[in-house]
Amino acid sequence: MADDTRYAYAVARVRGMETGLLDRQWLERLLSETANGALKALSDSAYEESMADVGRPQEIERGLVLALGETLETVSAISPVPELIDLFRLRWDARNLKAHQKASFLKLEGEIGVASGVGTIDVSVLEKAVQEKDYTALPDFLAEAARTAEEAYRDRGELSVIDAVIDRAMWKHSLDTATGHRDTFLRGFFQIEIDLANVKTFARMKEANRDRADLGAAFVPGGTLELSLFEGLLGEPMDAFARALEYGRYGALTPVFREWTPERIYTLELVCDNVLLKEIEKAKTIAYGIEPLVAFIVYRQIEIKLIRTAVIAKLDGADRSDIEARLRMTHV
Amino acid sequence: MRIRANPNRMQLLRLKRRLVLAKRGHKLLKDKQEELMRRFLGMVHQARALRETVEAELAQAYRAFISARFEMDAPAMEAALASSRRLVELHADREQVMNLKVPKFTVEFPAGAEFGYGYLETTAELDRALELYAAIIPHLLKVAEMEKSLQLIAAELEKTRRRVNALEHILVPSLEETIRFISDRLGELERETATRLMKVKEIVREH
Amino acid sequence: MEGLMLAMAGAALAAGLAGTGSAVGTGIAGQAATGVVAEDPEKFGRLLLLQALPGTQGIYGIVGLFLAIGKMGALGMGAMSVANGWQILFACLPLAITGLTSGIAQGKVSGAACGLVAKRPDEMGKGMIFAIVVETYAVLGLLGTILLLQNIS
């Protein structure tokens, strides 16, 4: 892609913000501290603001969600094309919408599973829309999806249809928007994300002995891996799946499926994140474009996972080696 | 310890009958105690082994759960747990063990159970943790069933043991003592009567 | 008069295009520099230098303009032949073209160097060297124009 000099300002700022990402030395500190110490260490880092009213390590989740929200908002604000970056925030809108819909169908009280401050739509607006079944305040595609999900749930009575409908609509909108802006990088990136999501779904379906219909219902179209590939392999041993991926762009995933054991399921998440990290590594060489912005978001997301892992593991008294086994390649 | 009783033949007969009854009761209770003990010991090992397995399973499930927590943010976890439903049908019954009624549970997982969460924001580890927990439920109920039974049996055993002891160490000895006392007393009375008769005979002969 | 007209067009192109190159280039570098300063205001001084680098093409353009005017004076201004006019016009083109392209290109490199300064402030020198390499071609363009102008008679 040709240099998109509209991004000069945003990329430079992101480069500045990248200095605030946690480096090896910092990681070392996080790993050697207690949970309380880790929290303290976070409050003199880029997480200072979001951790301001987190008093105990048990409440760290709130701070982490806030930190992610803040990152997404900042990057979106400095981006010359905010609607592209907002696609990353949109996922949270979709999630919040799903949470509200499920809570309303299950007649649960309170905000269960709703993350405020991360999406583009205020959670109270979403809540009101779901309660009054009036989705006009939502973006068109989300409103449409919400209505479809509601009908589908009424027909089938299964909560999973809500996820299927809204997730698909969300991804379709993301791909369409990226295509509309002729952003081949972002489109490709979303496709990788979709592929990885489908690979994970496939592995879980296989693990739970689900059938083709279940797989088809949870499959997200739009990626480079077709549903037929997964369907054909559902009845085969996991090794066959490893072979199918081996020489494609997801060859990095093969070792996980080759040595598939329940105890090592977590490595799937790990290698998938590594595939994403590898994809955005090209952002390092791009000075004018959306790539560094996306890369920064991905780094932050992974960093947040890392902090969560470290703090929860510490609260739980896990060994350092347990935490280290879950570290991804980092940006440093 | 002697029972207060008039030392007469009627009493003696009655006491002897009571002694026979007490001895028979003692034997029966002793048998029951042994049987309870046998069952108790058999179950205790089984229950301990089961409890250990369940505890290990719980630890494993907990580890899987924690490791799912590593990868998932709190709202996603909250949403997933709030919306995943699993139907469990539990039948609580009673089973007769000797004179006791112990609980008996049967669990069934009817089809149509669902994890009502999406695949995008949850991880395979959560599936695994929830599966593990679901698999523990029958075992957990079995442990509850066995441990309650053991408690009931232990209480019954204790009660029986006290009765056996009471019979063996208090009632039987005191009955025996009283019987001995009464028969001694009766024998003495007899001898007294005999002497008295001999004395009377002698007096009669002298005249 | 037609000769002078052509010569002026050449001089105007040299100054205008090279100036445009600089304007766009400093614009890009300036945006990037602003982005970095937003995160760390202390880097202002160093970034100003990086932003100014693509500004030189504009100056070369003006230098070229003056030289062309000087030449026009030497050739008698209005009395200049049409051939001389064309000569000056063509002589100005190297500066005009390299000024425009190198200005923009250097702006991009400078902007990227701003990113470098944001991440690794100690490596600023290297970033500047990368930008200065682009400068070479603006200088060569100017040199070409000067040589060509000198050979007009």
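Atom set for the values below is all heavy atoms of this structure, side chains included, hydrogens, waters and symmetry mates excluded. Proteins get letters first, then strands, A, B, ... in listed order; numbering begins at 1 in each.
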Exercise for the section: Give me the contact list for residues 144-153 of chain B versus chain A, heavy atoms only, anything under 4.5 Å, ordered by residue number. Expected result: none
Exercise for the section: With A/Arg89 as the cation and A/Trp92 as the aromatic partner, state whether NZ or CZ is under 6.0 Å from the six-membered ring centre and within 45° of the axis. Expected result: no
Problem - A/Arg300 charged N/C atom sitting above A/Tyr47 aromatic ring, 6.0 Å / 45° - result: yes
Problem - Aromatic plane relationship, B/Phe65 with B/Tyr133 - under 30° parallel, 30 to 60° tilted, over 60° perpendicular - result: perpendicular
Under 4.5 Å from any heavy atom of chain B - which part of [X]:
X: A/Leu64; answer: neither
X: A/Glu269; answer: side chain
X: A/Val114; answer: backbone
X: A/Ala218; answer: side chain
X: A/Ile312; answer: both

Practice task
Check whether B/Arg128 gets within reach of chain A through its side chain, its backbone, both or neither, counting any heavy atom under 4.5 Å.
Solution key: side chain
Practice task
Please state whether the side chain, the backbone, both or neither of B/Met77 comes within less than 4.5 Å of a heavy atom of chain A.
Solution key: neither
The criterion is side chain to side chain contact (heavy atoms under 4.5 Å, CB included); which residues satisfy it with [X], sequence neighbours excluded?
X: A/Ala146; result: A/Leu97, A/Gln101, A/Tyr135
X: B/Lys16; result: B/Leu12, B/Ile179
X: B/Ala74; result: A/Glu61

Problem - Centroid-centroid distance, A/Phe105 to A/Tyr153, less than 6.0 Å - result: yes
Exercise for the section: Specify which of A/Arg62, A/Lys305, A/Arg95 makes the most heavy-atom pairs with chain B at under 4.5 Å. Expected result: A/Arg95
Completion exercise
Greatest number of non-hydrogen atom pairs under 4.5 angstrom with chain B, of A/Ala103, A/Ala313, A/Ala99, falls to A/Ala313
Exercise for the section: Say whether A/Glu127 and A/His100, considering side chains only, have a donor N or O and an acceptor N or O under 3.5 Å apart. Expected result: no
Practice task
Quickly, which of A/Val118, A/Thr120, A/Leu90 forms a side chain to side chain contact (heavy atoms under 4.5 Å, CB included) with A/Leu72? Name it, please.
Solution key: A/Val118
Problem - Nearest non-hydrogen partners of A/Leu87 and A/Ser174, listed with the distance - result: CD1-O, 3.6 Å
Exercise for the section: Check whether any side-chain N or O of A/Asn198 sits under 3.5 Å from a backbone N or O of A/Val220 as a donor-acceptor pair, and report yes or no. Expected result: yes
Fill in the blank from the handout: chain A shares the most heavy-atom pairs under 4.5 Å, among B/Leu120, B/Asp73, B/Ile66, with B/Asp73
